[in-house]
Colleague: 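Pasting in a structure now, in structure tokens, and then I'll have a few things to ask.
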Amino acid sequence: MIKSQLKKRVDTCFQLGIREGFWSEAAAERYTVEVPKHEEQGDFSTNLAMVVAGMDKKNPREVASRLVDMLASDKDFIDRLEIAGPGFVNFFLKDEVWRTVLDPVLENEAQFGLADIGAGKRVMVEFVSANPTGPLSIGHGRNAILGDSIARLLEAVGYDVTREYYFNDAGRQMRVLGASTRARYLELLGKESEFPEDGYQGDYIYDIARAMIAESGESLKDADVMVFKDYAKAAIFRDIDNTLKKIGITFDTYYNEHSLYEEGLVDEVVRDLRSKDLVYEKEGATWFKTTVLGQEQDRVIIKSSGEPTYRLPDIAYHREKFRRGYEWMIDIFGADHIATVPDVLAGVRALGLDETKIDVILHQFVTLLRDGKQVKMSTRKATFITVDELLDEVGPDVLRFFFLMRKADSQLEFDLDLATRQSQENPVYYVQYAHARLCSIERQAAEKNIAPKPPGKASLEYLVEPEEYRLLKTVAGYPALVAGAAQDLAPHRIIFYLMDLAGQFHSYYNKHKVLSDDENMTAARYCLCRAIKIVFRNGLNLVGLRAPESM
RNA sequence: GGGCGGGUAGCUCAGCUGGAUAGAGUGUUGGCCUCCGAAGCCAAAGGCCGCGGGUUCGAAUCCCGCCUCGCCCA
């Protein structure tokens, strides 16, 4: 807000400079106004002079001094200007400008930081999408938390978000699940059974089989695999759902891959691609001419066995997303799905749809560290750690926080030793503690009969400490942070912001007493603290974390 | 062999469209509770930003080559 006000003033000067013939318009939209890395370089800084100089072959410091002359009259807003380094113009704003940031925070409270850049546009976030063959692994956990947080961010900036879970309960995987369950069922009954070679070895299959025995006894001993498949599927879905609920994740819609076949949508894709001459038969299989669309090689879409490859339903599914009216589609996948992405996008493009409306977030893998050593996991042998187990150890807040601490592109090392520490070094508590402390200040104030005052009546000129202005500036940056994190689909930035704000606040708290004998100073500091508390609560809630009032 | 993602402090990682002197947590060392919550604070040490070239006023950031780790395809 403050930044955009300043940017407007700089833009005006830039236009004026063009009219005066100081420079050309070549630099329009290319220069920026930023917060510099070091405080002594000002509240803000612009590279306008260097960009203009580069385009027009002028001396940057001369351009800078023209700009400074034009801005110098703005005495109400700008306290001081300087030309520095290779030609930066640094801005030092009036203190009272910074004091205006508290008003919108306290006025809007929970709404502070929300925006309407989405303008109600419909966006779908598809995530988790794990087939019901077993409990969620920690990889799914990262996917789930990333997807949900991105959805929350988009909601915060005004998009109409649908969370969708896509699954397939028909394929070979599911038959193997049914066979595995039946084998365990018979085994538990002491009957002869043959466990499938590539069966699911996890103990959860025993649990499901036990439940079936408890319900139906031996009556299913001659039942078809399908019976076991359906039972196992339902049980596993319940399980997944429960796990997700524990981290505060729910879905708006579930989409079954099978319905694509039932409704003939898969065949339709083949037909449409064929009519565009993008499909041919070779060696009994049906091929998609992806080479025509710029890919390395053509791809099989229907195997010689008549079974489609994953590409075909994926293309049909994405076409359905378009047909259902979504203007922006976000897919959250693990890195192992990388191969499918270009083919699906090529298919979408071939069908005449705008593939730039699809954004794919590929997150890298999670490794687990316990006692300083990497925990070995194998999906086949079911020796992987589940989200549920992790939740039991660390709880939902720590899980969310740790999974959001890294950007999606980075591999994530989950340090259980750090995560399970209930105190001290754990960054989750560091941030939450800041909020709890602020709540404690409020409780203290109430006990001392100190009433909260609105910024207009709180003698804000008593805010004089450098720490207080740093805090004001950080608070002021919150709305832009949210908007940026949402548009770049980067929830980790919220986490880093909160850790920074917590550090600043703890430091301030230790150095300066908020509630003191000085009535005016108390009013001003208390006002600042209430604003900071609001930002903590909003920021934590924004990514699904709790803001505890005490710990 | 090809594609994608990494390589930044001892360790785990930020660094948004190129900007000024490279950032955090953790670890190490030393200090701070008579005082709004010590789950906290302060201070110190710690860096050829994988390597080599290029682009330019300016590169951790962009381009090319190479090394290396992870994932995927063959």
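Quick note on labels: first sequence line is chain A, next is B, and so on, each numbered from 1. Predicted, not measured: the structure shown is a model, and the values here were computed from it.
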Colleague: What are the residues of residues 521-548 of chain A, sorted by number, that bring a heavy atom to within less than 4.0 Å of RNA chain B?
Modeller: none
Colleague: Does A:R525 form a side-chain contact (heavy atoms from CB on, under 4.5 Å) with A:E465? I'd like the steps, not just the answer.
Modeller: CA-CA 10 Å; A:R525 288 181 174 177; A:E465 303 295 340; 3.8 Å; yes
Colleague: Going through the distances and angles, do A:R437 and A:Y509 end up as a side-chain contact (heavy atoms from CB on, under 4.5 Å)?
Modeller: CA-CA 9 Å; A:R437 256 188 168 170; A:Y509 178 91; 3.4 Å; yes
Colleague: A:L404 has an atom CG; how far is it from atom P of B:A24, in whole Å?
Modeller: 22 Å
Colleague: Should A:H38 be counted as stacked on B:U21, where stacking needs a ring-centre gap under 5.5 Å and an angle between planes under 30 degrees?
Modeller: yes
Colleague: Could you check whether the rings of A:H506 and A:Y430 sit parallel, tilted or perpendicular, using 30° and 60° as the cut-offs?
Modeller: tilted
Colleague: Using the side-chain heavy atoms of A:P86, tell me which of these nucleotides is nearest: B:G19, B:G40, B:U21.
Modeller: B:G19
Colleague: Starting at atom CE of A:M499, determine the distance to atom P of B:U12, rounded to an integer number of angstrom.
Modeller: 16 Å
Colleague: Find which nucleotide of RNA chain B each of A:F496 and A:T340 is nearest to by heavy atoms, and output the residue with the more 5' nucleotide.
Modeller: A:F496
Colleague: Using whole Å, what does the distance between atom C1' of nucleotide B:A74 and atom CD1 of A:I338 come to?
Modeller: 16 Å
Colleague: Using the C1' atom in both, what is the distance from B:A20 to B:C63, to the nearest Å?
Modeller: 24 Å
Colleague: Can you label the angle between the A:F536 ring and the A:F505 ring as parallel, tilted or perpendicular, going by 30° and 60°?
Modeller: perpendicular
Colleague: Give the nucleotide from the list B:C71, B:C73, B:G5 with an atom nearest to the side chain of A:A335.
Modeller: B:C71
Colleague: Does B:C33 sit syn or anti, given that only angles within 90° of 0 count as syn?
Modeller: syn
Colleague: Between B:G15 and A:K407, is there an OP1 or OP2 to side-chain N/O distance shorter than 4.0 Å?
Modeller: yes
Colleague: Let's test this: given Watson-Crick or G-U wobble pairing with both distances under 3.5 Å, identify the partner of B:C41.
Modeller: B:G31
Colleague: Measuring to OP1 and OP2 of B:U21, would you say a side-chain N or O of A:K37 lies under 4.0 angstrom away?
Modeller: no
Colleague: If you assign each of A:P36 and A:S410 to its closest nucleotide in RNA chain B, which residue comes earlier from the 5' end?
Modeller: A:S410
Colleague: Expressed in angstrom and rounded to an integer, what is the separation of A:L438 atom CG from B:A39 atom P?
Modeller: 15 Å
Colleague: Roughly how many Å apart are B:U12 and B:G27, using the C1' atom of each and rounding to a whole number?
Modeller: 11 Å
Colleague: State which of B:C41, B:C13, B:C57 makes the closest approach to the side chain of A:S507.
Modeller: B:C41
Colleague: Let me confirm one number: the CG-CD distance from A:L416 to A:E393, rounded to the nearest 0.5 Å.
Modeller: 5.0 Å
Colleague: Please give the distance between the C1' atoms of B:G52 and B:A59 as a whole number of Å.
Modeller: 15 Å
Colleague: Using a 4.0 Å heavy-atom cut-off across all strands, classify A:E34 as base, sugar-phosphate, or nothing.
Modeller: base
Colleague: What verdict does the side chain to side chain donor-acceptor pair (under 3.5 Å) test give for A:N90 and A:E82, after you've listed the backbone C-alpha separation in whole Å, the side-chain angles of each residue and the deciding distance to 0.1 Å?
Modeller: CA-CA 5 Å; A:N90 295 339; A:E82 68 179 23; 3.1 Å; yes
Colleague: Could you run down the sub-3.5 Å N/O contacts of the protein with nucleotides 36-38 of chain B?
Modeller:
{"from": "B:C36", "atom 1": "O4'", "to": "A:K513", "atom 2": "NZ", "distance (Å)": "3.2"}
{"from": "B:C36", "atom 1": "O2", "to": "A:V514", "atom 2": "N", "distance (Å)": "3.4"}
{"from": "B:C36", "atom 1": "O2", "to": "A:L515", "atom 2": "N", "distance (Å)": "3.0"}
{"from": "B:C36", "atom 1": "N3", "to": "A:V514", "atom 2": "N", "distance (Å)": "2.9"}
{"from": "B:C36", "atom 1": "N4", "to": "A:Y509", "atom 2": "O", "distance (Å)": "2.5"}
{"from": "B:C36", "atom 1": "N4", "to": "A:H512", "atom 2": "O", "distance (Å)": "2.7"}
{"from": "B:G37", "atom 1": "OP1", "to": "A:S440", "atom 2": "OG", "distance (Å)": "2.5"}
{"from": "B:G37", "atom 1": "OP2", "to": "A:S440", "atom 2": "OG", "distance (Å)": "3.3"}
{"from": "B:G37", "atom 1": "O2'", "to": "A:Y433", "atom 2": "OH", "distance (Å)": "2.3"}
{"from": "B:G37", "atom 1": "O2'", "to": "A:R437", "atom 2": "NE", "distance (Å)": "3.1"}
{"from": "B:G37", "atom 1": "N7", "to": "A:S440", "atom 2": "OG", "distance (Å)": "3.2"}
{"from": "B:G37", "atom 1": "O6", "to": "A:M551", "atom 2": "N", "distance (Å)": "3.3"}
{"from": "B:A38", "atom 1": "OP2", "to": "A:R437", "atom 2": "NH2", "distance (Å)": "2.6"}

Colleague: Expressed in whole Å, how much space separates the P atoms belonging to B:G18 and B:G58?
Modeller: 16 Å
Colleague: Can you tell which of B:C72, B:C71, B:C13 lies closest to the side chain of A:F365?
Modeller: B:C71
Colleague: Would you say the side chain of A:D409 and the base of B:G5 hold a donor-acceptor pair, judged only by whether the two atoms sit under 3.5 Å apart?
Modeller: no
Colleague: To the nearest angstrom, how far is A:H492 atom NE2 from B:C16 atom P?
Modeller: 9 Å
Colleague: Partner of B:G58 by Watson-Crick or G-U wobble geometry, both contacts under 3.5 Å, or none?
Modeller: none
Colleague: Would you name the heavy atoms of A:P427 and A:M499 that are closest together and state the gap between them?
Modeller: CB-SD, 3.8 Å
Colleague: Between B:G5 and B:C62, how far apart are the two P atoms, rounded to whole Å?
Modeller: 11 Å
Colleague: Determine whether the aromatic ring of A:F88 stacks with the base of B:A20, defined as ring centroids separated by less than 5.5 Å and ring planes inclined by less than 30°.
Modeller: yes
Colleague: Measure the distance from CD on A:Q364 to P on B:C72 and round it to the nearest whole Å.
Modeller: 11 Å
Colleague: Can you find a donor-acceptor N/O pair under 3.5 angstrom joining the side chain of A:S45 to the base of B:A20?
Modeller: yes
Colleague: Reckon A:E447 touches a base, only the sugar-phosphate, or nothing at all at heavy-atom distances under 4.0 Å?
Modeller: nothing
Colleague: Counting the atoms with a prime plus P, OP1 and OP2 as sugar-phosphate, which does A:A84 contact under 4.0 Å by heavy atoms, base, sugar-phosphate, or nothing?
Modeller: base
Colleague: Provide, to the nearest angstrom, the distance between the CD1 atom belonging to A:I83 and the P atom belonging to B:C57.
Modeller: 20 Å
Colleague: In whole Å, I'd like the distance from the CG atom of A:D336 to the C1' atom of B:G6.
Modeller: 16 Å
Colleague: Tell me whether A:R530 forms a cation-pi arrangement with A:Y526, defined as NZ or CZ under 6.0 Å from the six-membered ring centre and within 45 degrees of its axis.
Modeller: yes
Colleague: Hey, what's the ring geometry for A:F414 with A:F402, parallel, tilted or perpendicular (30° and 60° as the breaks)?
Modeller: tilted
Colleague: Between A:E257 and A:Y317, is any side-chain donor less than 3.5 angstrom from a side-chain acceptor?
Modeller: no
Colleague: Please state the P separation for the pair B:C48 and B:C11 - nearest whole angstrom.
Modeller: 11 Å
Colleague: Counting any heavy atom closer than 4.0 Å, what does A:D415 reach on the DNA or RNA strands: base, sugar-phosphate only, or nothing?
Modeller: nothing
Colleague: Taking A:D298 first and then A:K282, would you say they form a salt bridge - that is, a charged N and a carboxylate O separated by under 4.0 Å?
Modeller: no
Colleague: Less than 3.5 Å between a donor and an acceptor, one on the side chain of A:N90 and one on the base of B:A20, is that the case here?
Modeller: yes
Colleague: When the C1' atoms of B:A9 and B:G23 are compared, how many Å lie between them, rounded to an integer?
Modeller: 10 Å
Colleague: Ion pair present between A:E39 and A:K473, side-chain N to carboxylate O less than 4.0 angstrom?
Modeller: no
Colleague: Between B:G19 and B:A74, how far is it from one C1' atom to the other, in whole Å?
Modeller: 44 Å
Colleague: Take atom CZ in A:R152; do more than 12 heavy atoms of anything else shown fall under 6.0 Å from it?
Modeller: yes
Colleague: What's the closest nucleotide to the A:R493 side chain, out of B:C71, B:G40, B:C16?
Modeller: B:C16
